[in-house]
Each structure stands twice: as C-alpha cells, then as structure tokens.
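What follows is one structure encoded as structure tokens, with my remarks underneath.
On a predicted model such as this, the values are computed, not experimentally measured, just so you know. Throughout, protein chains are lettered first and strands after them, A, B, ... in sequence-line order, and every chain is numbered starting at 1.
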Protein chains: 2
Amino acid sequence: MEEAPWLDDDETKTWLALVSMLIRLPAALDAQLQRDAGLSHFEYQVLAGLSMSPGRTLRMSTLARFADSSLPRLSQVVARFEKRGWVRRGPDPDDGRYTLATMTDEGFAKVAAAAPGHVSEVRRLVFDSLTKAQQRQLQSIGDRVIHTIDPDGACPATIADAALGVGDS
Amino acid sequence: MEEAPWLDDDETKTWLALVSMLIRLPAALDAQLQRDAGLSHFEYQVLAGLSMSPGRTLRMSTLARFADSSLPRLSQVVARFEKRGWVRRGPDPDDGRYTLATMTDEGFAKVAAAAPGHVSEVRRLVFDSLTKAQQRQLQSIGDRVIHTIDPDGACPATIADAALGVGDS
DNA sequence: CGAAATCACTTGCACCGTTAACTGATCGCC
DNA sequence: GGCGATCAGTTAACGGTGCAAGTGATTTCG
C-alpha cells in the first residue's frame with residue numbers, strides 16, 4: 001500500500017477529467033432521455049436489452065447482468081413497465097425458478113421512439129468529439145478497466161454477444 | 001435528427017464498453033471507500049477539495065462546482081460532516097450571503113487516512129492497466145466530452161487551478 | 001434612504017436504489 | 001420419495017438525491 005503514495009501532476013489531471021466525465025456524462029444522458037422520452041438511462045438500457053433479444057424475451061437475471069443492475073432494482077423497474085403494458089412476466093417453462101420478461105409491441109414502440117434521440121445525443125456528446133483513433137483507444141481503455149474491476153465477469157458486450165446474438169468474433 | 005440513425009458495430013462496442021465503465025468504475029470506487037473508510041466517493045471528493053484549498057476553507061458554491069454537486073446535496077453532506085466535527089461553517093466576512101466551510105484537524109486526519117487506500121485503488125483500476133499514451137488519450141477524451149456537455153462550465157481541474165492553487169498553466 | 005429584486009444557502013417532500021428478510025422452485029442426498 | 005440446501009425473484013425498510021419553496025443577506029434603483 002506504500003508503493004505509490006500519490007499521483008503526479010499529469011495523472012491528477014487525467015484523473016480529474018475522468019471523474020468529471022464519470023459524473024457528467026450519465027447525468028447528461030439521463031437529462032436528454034428524461035426530457036424527450038420520460039425515461040431514465042437505466043430504464044432505456046433495460047428496454048434496449050429486451051428489444052434486441054430474440055423473441056424480445058430474456059430471463060430477469062440475464063437482463064440484470066446486461067443492464068449492470070441488481071435484481072431488486074430490475075424487479076421494481078420491470079414491475080413499473082408491466083403496469084404500463086410494456087413488458088409481461090411469466091415463469092420459464094424450462095426452469096420454474098427463472099422468470100422470463102417479454103417486451104410487448106407497446107414497449108417496443110416506446111423504445112423505438114426513444115432510440116433516435118438518444119443515439120443522436122450519444123453521437124453528439126461522444127463520437128462527434130473524438131477521432132477514430134480515440135474511439136478505438138476509448139474502447140480499449142474501457143475494456144481494460146472493466147476487466148480489472150471484474151476479471152471473470154462478463155461485460156455487457158459479451159452478454160450481448162452470448163444471449164442476444166449481437167456482434168461478432 | 002435524421003443525420004445518423006444508428007451506431008455501427010465498432011461504435012456499438014465502444015459505446016457498451018464506455019457505458020459499462022461509467023457504471024462500474026464509480027461503483028468500485030464507492031465500494032473501496034465505503035469498506036475501508038466508511039465514505040462515499042462523493043463525500044471523499046468533498047473532503048479532498050477542502051483539504052487541498054488554502055486554509056482548508058472554501059465557499060459552499062465553489063466546493064459544489066468542484067465536486068460536481070448541486071447545492072442542496074452538498075449542504076446535507078456538509079451538515080453531516082459538521083455533526084461529526086470534520087467541518088465548521090460560518091458566514092463569509094466579505095459577503096454574508098456566502099458560507100465558508102472550513103475543515104477541522106479531525107476532518108483532515110480522516111481524509112489523510114482515507115487517501116492512500118483510495119489512490120491505491122485508483123492506480124490499480126485505472127493507471128496500472130493503461131499505457132502512458134492511453135493516459136494522455138484518456139485525459140484528452142475526457143476534456144473533449146466534458147467541454148461538449150458544458151462548453152463554458154469550468155471543469156474541476158480548472159476550479160482546482162483557480163480556487164485551490166493546484167496544478168499549473 | 002427604502003423597497004424590490006437577486007443571490008447563496010437551507011429545509012421539506014417525493015422518488016429511487018441498496019440491503020436484509022421472505023416466498024417458490026429445483027437439486028442433492030439418504 | 002422426502003428433507004435440507006441452494007437458487008431466482010419479490011417485498012419491506014432505510015438512507016441518499018433532486019426539486020420546489022422558504023430564509024437571510026446584499027445589491028439596485030427610484
């Protein structure tokens with residue numbers, strides 16, 4: 001713990017920039033989604049995950065991992081969605097312990113309506129400011145940090161690959 | 001809004017990696033600080049800002065900008081700190097509308113005890129995984145994103161420079 | 001000089017998220 | 001086959017955060 005007591009000047013600036021981005025970017029995305037669609041970023045992520053899955057159906061636990069969510073948190077959000085008619089829940093025929101969440105047409109319409117504005121904001125705040133090289137660096141940096149935090153935990157992209165059939169390689 | 005309807009495959013992967021980092025990195029930092037010092041990352045940021053300022057004193061509004069915080073949020077946290085004897089509050093002699101928050105020796109001892117473990121975790125999760133070039137890229141990426149979100153808003157680093165006398169040029 | 005407007009901050013209320021205890025369903029072991 | 005253990009998910013209680021209204025101090029302008 002005594003190896004490297006403090007950050008040097010460059011590291012401090014990098015760190016302050018990262019922390020600020022860590023706070024402001026989610027806040028900005030939440031603000032846009034709340035304003036234009038009445039959705040939090042987390043709610044959007046849940047709907048997006050369901051909309052991309054085959055049959056628009058996913059086990060709650062799989063959806064929770066995809067959305068970086070605890071199970072209680074997801075349970076409450078899905079309960080709200082069910083009340084609004086965006087999602088239906090039922091036991092998994094293969095294993096009664098699992099619960100399958102299925103997105104309705106109304107839910108799909110909701111996320112389809114919200115997506116363009118959100119993607120546009122993501123482009124505006126992130127991709128438009130960055131060079132192609134920086135985008136590659138950003139992905140690499142993100143992958144490394146995530147892997148350090150959770151070495152054997154599947155990242156959302158992997159879950160997307162495995163459960164949703166999205167992506168390649 | 002119709003300019004670029006969707007993200008391509010590379011952009012999607014970059015985006016998923018960034019979103020995951022946006023969620024997991026703050027969670028990991030909170031977990032370490034909570035475990036080892038009983039502090040949230042936000043509380044640490046407030047204490048760190050005060051500890052670095054001249055006279056360990058700062059106006060509430062300046063501290064709020066530094067910590068990316070709303071004023072009510074900061075007010076409650078500082079009220080808790082005051083109750084624990086880590087901070088004292090009083091009106092600014094120059095302008096009675098401002099409130100000066102001053103860190104006590106006990107508060108300084110608290111943040112000084114928490115800092116090494118936190119910095120060590122920051123190193124472990126971020127800097128140790130990254131090359132020097134990636135660190136430079138990360139700072140540049142963060143600066144650009146922050147500036148896009150808030151073009152004329154001062155970033156914490158700038159506030160640190162101006163109000164705390166930290167850093168250079 | 002005094003009243004209205006503005007500014008910095010604090011308080012009250014509603015909502016959201018985490019934690020711990022609980023319900024149902026399946027698996028392991030005898 | 002039946003009992004305990006484990007797993008998936010829900011529910012209830014607590015703490016924290018954002019928003020709107022309120023307080024106190026200062027500036028502005030007639």
Side-chain angles (χ1 to χ4, degrees), chain A residues 22-24 26-35 38-47 50 57-84 87-102 159 163, chain B residues 22-24 26-35 38-47 50 57-84 87-102 159 163:
Chain A
L22 249 39
I23 294 171
R24 295 186 183 204
L29 295 172
D30 270 326
Q32 181 273 325
L33 279 168
Q34 199 62 249
R35 177 167 45 81
L39 255 39
S40 71
H41 182 250
F42 174 66
E43 292 172 323
Y44 178 84
Q45 220 170 349
V46 171
L47 293 177
L50 272 179
T57 297
L58 232 42
R59 290 177 172 176
M60 291 290 285
S61 38
T62 306
L63 186 54
R65 287 211 319 283
F66 173 79
D68 277 311
S69 164
S70 65
L71 221 30
R73 184 182 182 189
L74 179 64
S75 184
Q76 289 181 338
V77 167
V78 170
R80 281 204 300 274
F81 287 167
E82 202 170 24
K83 215 166 289 180
R84 296 183 208 174
V87 172
R88 284 192 315 269
R89 274 185 293 190
D92 187 338
D94 296 349
D95 187 333
R97 289 176 298 186
Y98 290 94
T99 298
L100 294 180
T102 302
I159 296 170
Chain B
L22 249 38
I23 293 172
R24 295 187 182 201
L29 295 171
D30 271 326
Q32 182 273 325
L33 279 168
Q34 199 62 248
R35 176 167 45 81
L39 253 40
S40 71
H41 183 249
F42 174 66
E43 290 173 324
Y44 178 84
Q45 219 170 352
V46 170
L47 291 178
L50 271 179
T57 298
L58 232 42
R59 291 176 171 176
M60 291 290 284
S61 39
T62 306
L63 186 54
R65 287 210 319 282
F66 172 79
D68 277 310
S69 164
S70 64
L71 221 28
R73 184 182 182 188
L74 178 64
S75 184
Q76 288 181 337
V77 168
V78 170
R80 283 202 300 274
F81 287 167
E82 203 170 23
K83 215 165 290 176
R84 298 183 208 173
V87 172
R88 282 193 316 269
R89 275 184 292 189
D92 187 338
D94 296 348
D95 188 333
R97 288 175 300 183
Y98 290 93
T99 298
L100 294 179
T102 301
I159 297 170

Please tell me if the side chains of L58(B) and F66(B) come closer than 4.5 Å, counting only heavy atoms from C-beta onward. no

Is there side-chain contact between V46(B) and F81(B), with at least one heavy-atom pair below 4.5 Å? yes

Rounded to the nearest 0.5 Å, how far does OG1 of T57(B) lie from CZ of R88(B)? 8.0 Å

Roughly, in whole Å, what's the span from CZ in F42(B) to P in dG15(D)? 19 Å

Give the first and the last nucleotide of DNA chain C, reading 5' to 3', that has any atom under 4.0 Å from a heavy atom of chain B. dC7(C) to dT11(C)

Terminal axis angle for the helix from dC1(C)-dG30(D) to dC30(C)-dG1(D), five pairs an end, nearest 10 degrees: 10°

Working to the nearest 0.5 Å, report the span between CG of L71(B) and CZ of R65(B). 11.0 Å

Determine whether a donor-acceptor pair (N or O, by modelled atom type, separation under 3.5 Å) exists between the side chain of D92(B) and the backbone of L100(B). no

Just by protein heavy atoms under 4.0 Å, how would nucleotides 2-14 of chain D read 5' to 3' in B, S and -? -----BSBBB---

Closest heavy-atom pair and its distance - S70(A), A64(A): O-CB, 4.5 Å

Hey, are the side chains of L22(B) and H41(A) touching, using non-hydrogen atoms and a 4.5 Å cut-off? no

Side-chain heavy atoms of S75(B) within contact of R89(B), under 4.5 Å: yes

Could you give the distance from CG (L63(A)) to CG (L74(A)), rounded to the nearest 0.5 Å? 5.0 Å

For the side-chain contact (heavy atoms from CB on, under 4.5 Å) test, which of V77(B), V78(B), D30(B) pairs with E43(B)? V77(B)

To the nearest angstrom, how far is R80(B) atom CZ from dG15(D) atom P? 11 Å

Residue whose closest nucleotide on DNA chain C lies nearer the 5' end, R73(A) versus D92(A): R73(A)

